[in-house]
Number of protein chains: 2
Amino acid sequence: MTCKLNVDALLAHTPIFGDLNVARRVRIAQTGRELQVAKHRFVFRRGDTAGGLYVVASGHIKLSIPSPGGNEKVLEFFGPGQLFGESGMFLERPYMVDAQALEDSVLVCIARDDIYAALERDPVLSRYMLMNLARRMDALVEDIEAVNLQSASQRLACFLLRQPRDGACTRFPYSKGIVASKLGLSPETLSRLLHQLSSAGLISVHGRMVTIHQPEALRLQQVAS
Amino acid sequence: MTCKLNVDALLAHTPIFGDLNVARRVRIAQTGRELQVAKHRFVFRRGDTAGGLYVVASGHIKLSIPSPGGNEKVLEFFGPGQLFGESGMFLERPYMVDAQALEDSVLVCIARDDIYAALERDPVLSRYMLMNLARRMDALVEDIEAVNLQSASQRLACFLLRQPRDGACTRFPYSKGIVASKLGLSPETLSRLLHQLSSAGLISVHGRMVTIHQPEALRLQQVAS
DNA sequence: CGACAATTTGAAGCTTCTCAATTCATGTGG
DNA sequence: CCACATGAATTGAGAAGCTTCAAATTGTCG
């Protein structure tokens, strides 16, 4: 629990609160509380009552659907400046997903009533929130499209090409197991596909680092088998 | 293109606009235009620029992801009083999905700028919109959960039990092909699963009508194979 | 009644998963 | 600093589940 000044400084750097009138941002910041979450710790779990939303100050958070069998389906990742937990909050229903820290992270938590109050005052804020939710819905729809209409190798090719690239070099942002789940694959299948692409000379893999030798060929993989 | 009076009457019956201050609702209604869509006609298609949102006055609309192979993945259905197309509108990007009428339908279309103006005036409206989007996200997450973590028969059992029931009788709300796509199945697989459940005495099927003889047994199917 | 679409049924095949074992990293404590 | 322990990633073999294709049947609407 650090001081509130800190909270405002954190919010100032987020796209959603950064554009706000300063006085109003400060007002929201005063209601927010800072939250430290150690790696692997849960921010909330499915079934918890949703009391507010979270802003990532530092670190990374993973949202996933738990499953009795110990599997899980990874849905989304959130980094600094990003917002999560709102959908549960707006619904006023318990969370459907787990939120887990992928690294030691610092979050700001803002309670539901404070958000509602801020929305009343700030039409700009609700515009941002709506846009943000819409963007996330879009991402979910893309995921549904991928799982339902594309093959495993298509999904992988698409994922690799979308990662930020430095020259020909890319990286898996998280462990391969987690990326596999995000792509709707078993870790074994991901491993085999990477091996195939390597053998074909399209890429080479060293740990989480991937070098893309033939981006054009990869792009073709996206479309047809 | 019928008169605007009509539009207001239509909006008055929707959960989202019905609770609004009457004067404000009328103001929105005046900006909306009525739209007749014949069965099988598209309201919009993937790639179209998103100019506004749609309210269903009567009929039913299906949102789906098209696929080059002629397949499609059905995402959602919308009936009277429901709202669709907002996510594309808020994103200010072309639609990712097709919107097609399942029957002759009447819609109200409201342009983006008019919605934005209404949101400025009405914090209540933005609350509704946010809640609505959150609900839809939840539904998508449930779909993702179903496709990734559940078997075909589990998904079907879950679907059957969720349909509105009259005694032991349920109905497929749309053609089996469409329901199959919604469940992430091929029509053939759906047909076979229904046959299995019938043979096992859990249900009986006559066209779109389904009688559930053993709801408890179905409920078990939901959980384990 | 006749044509067209929707559904059912059968057979075959393929993609992906599961299980199990091995190798490879990662980090810890002596 | 190294040995060890723990978890991640790879690899192999086998199987399961679902899809695809094709044909027959049923249903529907003009």
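Bear in mind that the values here come from a model prediction, so they are computed numbers and not experimental data. Within every chain, numbering begins at 1; the chains are lettered A, B, ... in the order of the sequence lines, protein sequences first and strands thereafter.
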Nearest whole angstrom, please: distance from the [atom2] of [N] to the [atom1] of [X].
X	N	atom1	atom2	value
L193(A)	dT11(D)	CG	C1'	14 Å
L185(A)	dA8(D)	CG	P	18 Å
Q150(B)	dC18(D)	CD	C1'	16 Å
H40(A)	dT26(C)	NE2	P	14 Å
N148(A)	dT15(C)	CG	C1'	15 Å
L197(A)	dT10(D)	CG	P	13 Å
N71(A)	dT18(C)	CG	P	6 Å
D104(B)	dC29(D)	CG	P	13 Å

- Item | Side chains of S67(A) and E72(A), donor plus acceptor under 3.5 Å |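 No - no donor-acceptor pair under 3.5 Å links their side chains.
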- Item | Any side-chain donor near an acceptor of the partner, S204(A) and H213(A), under 3.5 Å |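 A donor-acceptor contact under 3.5 Å links the two side chains.
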- Check: Q100(A) side chain, H40(A) main-chain N or O, donor-acceptor pair, under 3.5 Å: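 Pair found, side chain donor or acceptor close to backbone of H40(A).
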- Item | Between Y54(B) and F44(B), ring centroids under 6.0 Å |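 They qualify: ring centres under 6.0 Å apart.
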- Between F159(B) and R162(B), is there a cation-pi geometry (under 6.0 Å to ring centre, at most 45° from the normal)?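 Ring-cation test returns no.
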- Task: Heavy atoms under 4.0 Å is the rule here; annotate nucleotides 7-12 of chain C 5' to 3' with B where the base is hit, S where only the sugar-phosphate is, and - elsewhere.
- Result: SSBBB-
- Query: Looking across every strand, which nucleic acid part, if any, lies under 4.0 Å from G184(B) by heavy atom: base, sugar-phosphate, or nothing?
  - Reply: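 Result for G184(B) = sugar-phosphate.
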- Presence of salt bridge, E103(B) and R41(B), under 4.0 angstrom: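 Salt bridge: no.
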